[in-house]
Protein chains: 2
Amino acid sequence: MDDKNISQAVIGRLPRYLRYLGELKDSNVERVSSQELSELMNVTASQIRQDFNNFGGFGQQGYGYKVNFLYDEIAKILGINKTHHLIIVGAGNLGQALANYMNFERRGFHFTGIFDSNEALTGKKIRDMYVQPMSNLENFVKENAIDIAVLTIPKTSAVKVAEQLVGYGVKAFWNFAHVDLNVPDDIVVENVHLSDSLMKLSYNITRKEQENE
Amino acid sequence: MDDKNISQAVIGRLPRYLRYLGELKDSNVERVSSQELSELMNVTASQIRQDFNNFGGFGQQGYGYKVNFLYDEIAKILGINKTHHLIIVGAGNLGQALANYMNFERRGFHFTGIFDSNEALTGKKIRDMYVQPMSNLENFVKENAIDIAVLTIPKTSAVKVAEQLVGYGVKAFWNFAHVDLNVPDDIVVENVHLSDSLMKLSYNITRKEQENE
DNA sequence: GTATCTTTGTTATTTTCATAACACTTTAAT
DNA sequence: ATTAAAGTGTTATGAAAATAACAAAGATAC
């Protein structure tokens, strides 16, 4: 498994492969060819083989891929096995929803705390956890070796809070705030800009409408 | 504004341009060059000029771009001015959060209804709206000319519900269900697969960790 | 066991996307 | 007015990504 430098385009496709492989697994399918998978997923077989080969090739010529093995390998690449400690910063609508909705534990993320600057929320029970005030943040992050922060706070405070969290030792952000974080290069940021996504939808609707004229 | 065939790569960058231009606007900046914008946004000036030129070019040589004008043009391209009618299907954690959190109205989306198959939720007040049972769906969509459905239901029901909604006249989906919808080509789908995003984060953390060894 | 078929891994080609280069236009300075 | 500087639109080049092609490996059938 040589990890030279895989493009984010490839990485972005891995979770989808994993999803389909999981379904095959659940249906007790033992083997699958790139051809079959390509028809199922609506991508080219060539791309599938290229993608897998970035990591060394998981198949057997003349046979195909063993579903279980392939699934496990991709899961490993994605780091699903590794354990990380995660907090949610911002216990508003979205923060609460993610706390309840995402199954962090099942994905190897230990969800250990949720914080909000609005002290009216302090102590509110969410899932099996109590909202903490921001004044607890520094100690909590340091003591619990938190490496991931989910940012569900307004953009006005996101940049500053992210900088603070980096200072406390956080290594990665799942950023829902609608702003670009200002963090060092060795910090990982995955942005989820929902309003950007909605605008793309808007564009594509408009385009389709124009096409049908 | 000739609309030959703009790549989704370009479209995907437009919302970010819009965001930065909005900030410049708010700071009463009147003009901006591709060079300045490139430094601000951390992209190449060349890419900015190329992107804008897909739509005909909005600047003046030797001067740059007028911030207000450019902002409005990009907003127009993204179809922010158009009005659409939108419902949320699935009033669970995520559905409720989006109802409260997204400012649909400000983006030209008329949010007109929210539905859930769990009848215990029927009548629950969310924002200024009451959760409706799925049995209302068909009539509501047809009578209110709903063109967008936000899907925040489990993947087990998403595919079927989407097919039904297409039958009722829905033209676009903002899909949060972790599954690929099966809809005709003329239907627009924008997927937000949060767990995929989380896996990408996971991968990149693992990668950074390995680099630092 | 041999021959045929399947299907991968990998190399070659094509297409798409990003960057660089530059001619031409406008602005600004003297 | 003339010249220099700034900065776009656009063309040319380079890089990256996707697809196609194919040889080698293994599976299957007889």
Side-chain angles (χ1 to χ4, degrees), chain A residues 1-17 20-21 24 29-74 77 200 203 207, chain B residues 1-17 20-21 24 29-74 77 200 203 207:
Chain A
M1 193 191 293
D2 53 329
D3 220 25
K4 25 201 165 194
N5 217 2
I6 318 293
S7 84
Q8 289 293 313
V10 174
I11 303 309
R13 285 191 290 268
L14 294 184
R16 187 153 179 267
Y17 290 133
Y20 276 86
L21 289 167
L24 289 173
V29 176
E30 274 187 14
R31 72 186 233 187
V32 68
S33 69
S34 58
Q35 184 59 38
E36 290 165 335
L37 199 53
S38 81
E39 283 160 18
L40 209 56
M41 296 185 63
N42 253 317
V43 295
T44 64
S46 190
Q47 180 166 70
I48 291 175
R49 293 204 297 278
Q50 285 275 25
D51 282 352
F52 292 168
N53 248 101
N54 280 296
F55 306 96
F58 303 126
Q60 282 175 259
Q61 292 181 332
Y63 178 87
Y65 300 88
K66 292 204 168 154
V67 171
N68 276 294
F69 175 72
L70 186 54
Y71 180 92
D72 290 344
E73 287 300 312
I74 294 180
I77 292 166
K200 273 199 283 176
Y203 171 84
R207 199 174 65 92
Chain B
M1 191 190 293
D2 52 328
D3 221 24
K4 28 202 165 195
N5 218 3
I6 317 294
S7 86
Q8 288 293 312
V10 174
I11 303 308
R13 286 191 290 268
L14 293 184
R16 188 154 177 266
Y17 290 134
Y20 276 86
L21 289 168
L24 289 174
V29 176
E30 273 187 15
R31 70 185 237 189
V32 68
S33 70
S34 59
Q35 184 59 38
E36 290 165 337
L37 200 53
S38 81
E39 283 160 17
L40 210 55
M41 296 185 63
N42 254 316
V43 295
T44 63
S46 189
Q47 181 167 71
I48 292 176
R49 293 204 296 279
Q50 285 275 22
D51 282 351
F52 292 169
N53 248 104
N54 280 297
F55 307 97
F58 303 127
Q60 284 174 255
Q61 292 183 334
Y63 176 88
Y65 299 88
K66 293 205 167 153
V67 172
N68 276 293
F69 175 72
L70 186 54
Y71 181 92
D72 290 345
E73 287 300 312
I74 293 179
I77 292 166
K200 272 198 286 176
Y203 171 85
R207 199 175 66 93

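Note that these values count all heavy atoms, side chains included, but never hydrogens, waters or copies made by symmetry. Letters A, B, ... mirror the listed sequences (proteins, then strands); counts begin at 1.
Residue-to-nucleotide proximity on DNA chain C shows that, of Gln47(B) and Val32(A), the 5′-proximal contact is made by Val32(A).
For the pair Gln61(B) CD and dA5(D) C1', the interatomic distance rounds to 14 Å; values are reported in whole Å. Distance Asn5(B) CG to dT15(C) C1': 14 Å, rounded to the nearest Å. Spacing between atom CD of Glu36(B) and atom P of dG7(D) amounts to 6 Å, rounded to whole angstrom units. As a whole-Å value, the separation of Phe52(A) CZ from dT7(C) C1' is 14 Å. In this structure, Phe58(B) atom CZ and dG7(D) atom C1' are separated by 17 Å, rounded to whole Å.
Within the 4.0 Å cut-off from OP1 or OP2 of dA18(C), at least one side-chain nitrogen or oxygen of Arg13(B) is found.
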Derivation and outcome, ring-ring contact (aromatic ring centres under 6.0 Å, His included), residues Phe52(B) and Tyr17(B): CA-CA 10 Å; Phe52(B) 292 169; Tyr17(B) 290 134; 5.0 Å; yes
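The shortest side-chain heavy-atom distance between Glu73(B) and Phe55(B) does not fall under the 4.5 Å cut-off. When side chains are defined from C-beta on, Tyr65(A) does not count as touching Leu21(A), because their heavy atoms never get closer than 4.5 Å. Looking at heavy atoms from C-beta onward, Arg31(A) lies out of side-chain contact with Gln60(A) at the 4.5 angstrom threshold.
Taking every side-chain heavy atom of Ser7(A) into account, dA17(D) is the closest of dT19(D), dA17(D), dT8(D).
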